[in-house]
Amino acid sequence: MNTAPPNSIDETPAGEPPEEKRSLNFIEQIIEDDLQAGKWGGRVHTRFPPEPNGYLHIGHAKSICLNFGLAESYNGAYNLRFDDTNPTKEEQEFVDSIKEDVRWIGFDWKEREFFASDYFDQLYDWAVQLINVGKAYVCDLDGEQIREYRGTLTEPGKDSPFRDRSVEENLDLFERMCGGEFPDGSHTLRAKIDMASSNLNLRDPVMYRILKAHHHRTGDKWCIYPMYDYAHGQSDSLEKVTHSICTLEFENHRPLYDWFCESLEIHHPRQIEFSRLNLTYTVMSKRRLLELVKDGHVNGWDDPRMPTISGLRRRGYTPGSVREFCRRVGVTKFDGVTDIVQLENALREDLNERAPRVMGVLRPLKVVIENYPEGQSEELEAVNNPQDEAAGTRKVPFSREIYIEQTDFMEDAPKKFFRLSVGREVRLRYAYFVTCTEVIKDDGGEVIELRCTYDPETKGGNAPDGRKVKGTIHWVSAEHALTAEVRLYDHLFSKEDPDDVEEDRDWLENLNPNSLETLADCKLEPSLAHAEVGIGYQFERTGYFCLDKDTQPDKPVFNRAVSLRDTWAKKK
RNA sequence: UGCCCCUUAGUGUAACGGCAGCACGACUGACUCUGAAUCAGUUAGUCUAGGUUCAAAUCCUAGAGGGGCAACCA
């Protein structure tokens, strides 16, 4: 700490006022208070505990950034732990995708990769210990009966008839449960707490159930598996976690979390709950995302319209934008809904700094420049990124026939329309001023071609006589153009709240039928032939795009990650 | 009908008993070889009612509104 390098950002320049103390979220407050009070020996140790039963989504990203970010900023450690206690739902594919996604977001958990299934032996021993002190018992009630005995929200439950079995009998039964002697569902091991508790989680919760299922890591070794409540806190404890951060729905489980740690007299992390992320125009539950995938409403977990990490990545989101977004949404216990434009803006901001600029015409309209010599072409210099001089320049070919955007021409243009119309002059970006002289239509009256003249004196985009044009439009030389498919995405749901449906109707009815628009005949500048997956490009005046994995050698496919802000579109 | 949690501009958040700030959005305007970016400005808030206090978004009580909880899911 006191050996900071000369350029350390920790150094406050002399004479400058000390940096104002950053405001802390409520979890940071707790941590600082703990540190202040000398708890945990000054350690901060967190974990991210996904269940490998689906792909990670942007809500998980919030949790990852919170948990791992906290550990990083307090110089602590963080674990990635798979909560794999239910073999009927979990798969190796999900383990792999989760690791890939966490890495992509930008965190390295190094050797601290764990599985709840690593602790099955220890958990078993602890269960025996609880039986021995009379705090757990084997119950023969079936699922239905357990539910009946549990009581309701307003009425207390009643004790299981098996609650007072002897320690010996419990030990014997539990061992035989584990030995595979009983069929699935015939017995459970339950904690003996309080069937009259106002917190239903404390009404003798099930610790172990019999499940003769193959586990993706332990194989067929076990036929009993621990429940979340019995496995989670103890896993935290074994890993010497200090702050166990989870979402609000586990708040009512905290007394149980505490009960197990106290009863077992083991290291007792502090559970802290925060509100999960909700986004407008999207759903975030794993159950629903799974349904979208399974029923083919989207094309897989990494469909660019999905709020999954893999979907965002494929869509063109950057790790930095995801992290910045998570920082901006903050951390509270209030269950709100974040406007999805926050996410989009984080991306725009990030890509504005780094994305190479190119020209691409999404809906081409052919333009013939009549006074430009036939067969001639030339290379014009274009700036790669006005935000970053070091990005340099490139050459863009120009010729007699070019494509411009259909929306950049209007026949009966209002005065405020700064683009092309008959008799109006605009600048072709980095090229020449052109004036539209004639409109050519097909039999149906559709505009299919424009005739223009150019001013050779304006090469590069400036007029020597100092005359100005109000509009600058992008273009692509027809002869040199790369033809590509471009996929435009809109919100997956047409309602801000997908659950906003009539009585008895389904959230799926709010799926936006226009969430994907495929443009098959887009014209891109030739430099894009060397585009790489994973790099965001700005198609000037249009948006940010990236090469999709569906690209074929003869057919490039681009995704629009997000459009550019368009105040003109708003005015219309 | 029980228990637990929550409530600050449109949205997300800050304030730690002492001047209600910030970000995003929206709206103006400036600038511009991207109607982008940038810059300047405007807009708008403490759920309600009592109480404690010199002083309350903050503490107390009650109410309203929202969320969670009755898987051998996590």
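Predicted model, so just to flag it, every value in this text is computed and none were measured. Here is the naming used below: chain letters follow the sequence lines, and residue numbers restart at 1 for every chain.
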Identify whether any heavy atom of A:Gly336 sits under 4.0 Å from a base atom; if not, whether one sits that close to sugar-phosphate; answer base, sugar-phosphate or nothing.
sugar-phosphate

Any A:Arg348 side-chain N or O less than 4.0 Å from OP1/OP2 of B:rU38:
no

Hey, what are the protein-to-nucleotides 29-32 of chain B N/O distances that come in under 3.5 Å?
none

Give the rounded distance in Å between these two atoms: CD of A:Glu496 and C1' of B:rG25.
12 Å

Nucleotide nearest A:Phe334 when distance is taken to its side chain, options B:rU13, B:rU34, B:rA71
B:rU13

Dot-bracket for RNA chain B, 5' to 3', counting Watson-Crick or G-U wobble pairs under 3.5 Å, with [ ] for crossing pairs and | for inter-strand pairs?
.((((((..((((....[..)))).(((((.......)))))....(((((..]....))))))))))).....

For A:Gly143 and for A:Arg541, find the nucleotide of RNA chain B with the closest heavy atom, then tell me which residue's nucleotide is more 5'.
A:Arg541

Minimum side-chain heavy-atom gap A:Leu70-A:Glu28 below 4.5 Å
yes

The side chain of A:Lys570 is closest to which nucleotide in this list: B:rG25, B:rA74, B:rA26?
B:rA26

Among B:rG35, B:rC72, B:rG68, which is the nearest nucleotide to the side chain of A:Glu249?
B:rG68

Reckon A:Val469 touches a base, only the sugar-phosphate, or nothing at all at heavy-atom distances under 4.0 Å?
nothing

Side chain of A:Lys333 only, please: which of B:rA23, B:rG35, B:rC6 is the nearest?
B:rC6

With sequence neighbours left out, which residue pairs that include part of residues 328-343 of chain A fulfil the salt bridge (Lys or Arg N to Asp or Glu O under 4.0 Å) condition?
A:Glu251-A:Lys333, A:Glu273-A:Lys333, A:Glu324-A:Arg328, A:Arg328-A:Glu349

Scan A:Met227 against the nucleic acid and name what it touches under 4.0 Å (heavy atoms): base, sugar-phosphate only, or nothing.
sugar-phosphate

Enumerate the protein-to-nucleotides 2-4 of chain B contacts in which both atoms are nitrogen or oxygen and the separation is below 3.5 Å.
from  : atom 1 : to       : atom 2 : distance (Å)
B:rG2 : N3     : A:Leu153 : O      : 3.0

Classify A:Ile146 by what it touches in the nucleic acid, base, sugar-phosphate, or nothing, heavy-atom distance under 4.0 Å.
base

Taking 4.0 Å as the cut-off, does a side-chain nitrogen or oxygen of A:Arg150 come that near to OP1 or OP2 on B:rA71?
yes

Which part of the nucleic acid, if any, lies within contact of A:Thr332, taking any heavy atom under 4.0 Å across all strands shown: a base, the sugar-phosphate backbone alone, or nothing?
sugar-phosphate

Using a cut-off of 4.0 Å on non-hydrogen atoms, how would the nucleic acid contact of A:His253 be classed: base, sugar-phosphate, or nothing?
base

Please work out if A:Lys416 contacts a base, only the sugar-phosphate, or nothing of the nucleic acid, heavy-atom cut-off 4.0 Å.
base

Mind checking if A:Glu155 touches a base, just sugar-phosphate, or nothing, with heavy atoms under 4.0 Å?
nothing

Per the salt bridge (Lys or Arg N to Asp or Glu O under 4.0 Å) rule, what does the pair list look like for residues 186-203 of chain A, sequence neighbours excluded?
A:Asp164-A:Lys192

Applying a 4.0 Å non-hydrogen cut-off, can you work out what A:Thr542 is touching in the nucleic acid: base, sugar-phosphate, or nothing?
nothing

For a quick check of understanding: with a heavy-atom distance under 4.0 Å over all strands, which category does A:Thr188 fall into, base, sugar-phosphate or nothing?
base

Quick one: does A:Arg424's side chain have a donor or acceptor within less than 3.5 Å of a partner on A:Phe417's backbone?
yes

Touch check for A:Asn53, heavy atoms < 4.0 angstrom, all strands: base, sugar-phosphate only, or nothing?
nothing

Evaluate whether atom CD of A:Gln406 has more than 12 neighbouring non-hydrogen atoms of other residues, nucleotides or ligands under 6.0 angstrom away.
yes

Can you find a side chain N or O atom of A:Ser275 that sits less than 4.0 Å from OP1 or OP2 on B:rC6?
no

Length of the line joining A:Phe417:CZ and B:rG35:P, which is rounded to integer Å:
11 Å

When rounded to whole Å, the CG to P distance for the pair A:Leu211 and B:rC72 reads 12 Å

Taking only the side-chain nitrogens and oxygens of A:Arg147, find out if one of them lies under 4.0 Å from OP1 or OP2 of B:rA71.
yes

Shortest non-hydrogen pair, A:Pro52 vs A:Asp83, comes out as CD-O, 3.8 Å

Whole-Å C1' distance, B:rU43 and B:rA26
8 Å

When all nucleic acid strands are considered with a 4.0 Å heavy-atom cut-off, which category describes A:Tyr225: base, sugar-phosphate, or nothing?
nothing

Pairwise N/O distances under 3.5 Å, protein to nucleotides 42-48 of chain B:
none

Give me the distance, rounded to whole Å, that separates B:rC59 from B:rG17 when you measure between the P atoms they each carry.
9 Å

Using a 4.0 Å heavy-atom cut-off across all strands, classify A:Leu380 as base, sugar-phosphate, or nothing.
nothing

With a non-hydrogen cut-off below 4.0 angstrom, is A:Asn462 in contact with a base, only sugar-phosphate, or nothing?
base

If you only use heavy atoms from C-beta on, which nucleotide in B:rC72, B:rA23, B:rA15 is closest to the side chain of A:Gln342?
B:rA23

Distance between C1' atoms of B:rG29 and B:rG68 (Å, rounded)
48 Å

Closest listed nucleotide, where the reference is the side chain of A:Glu51 and the choices are B:rC24, B:rC6, B:rC73
B:rC73

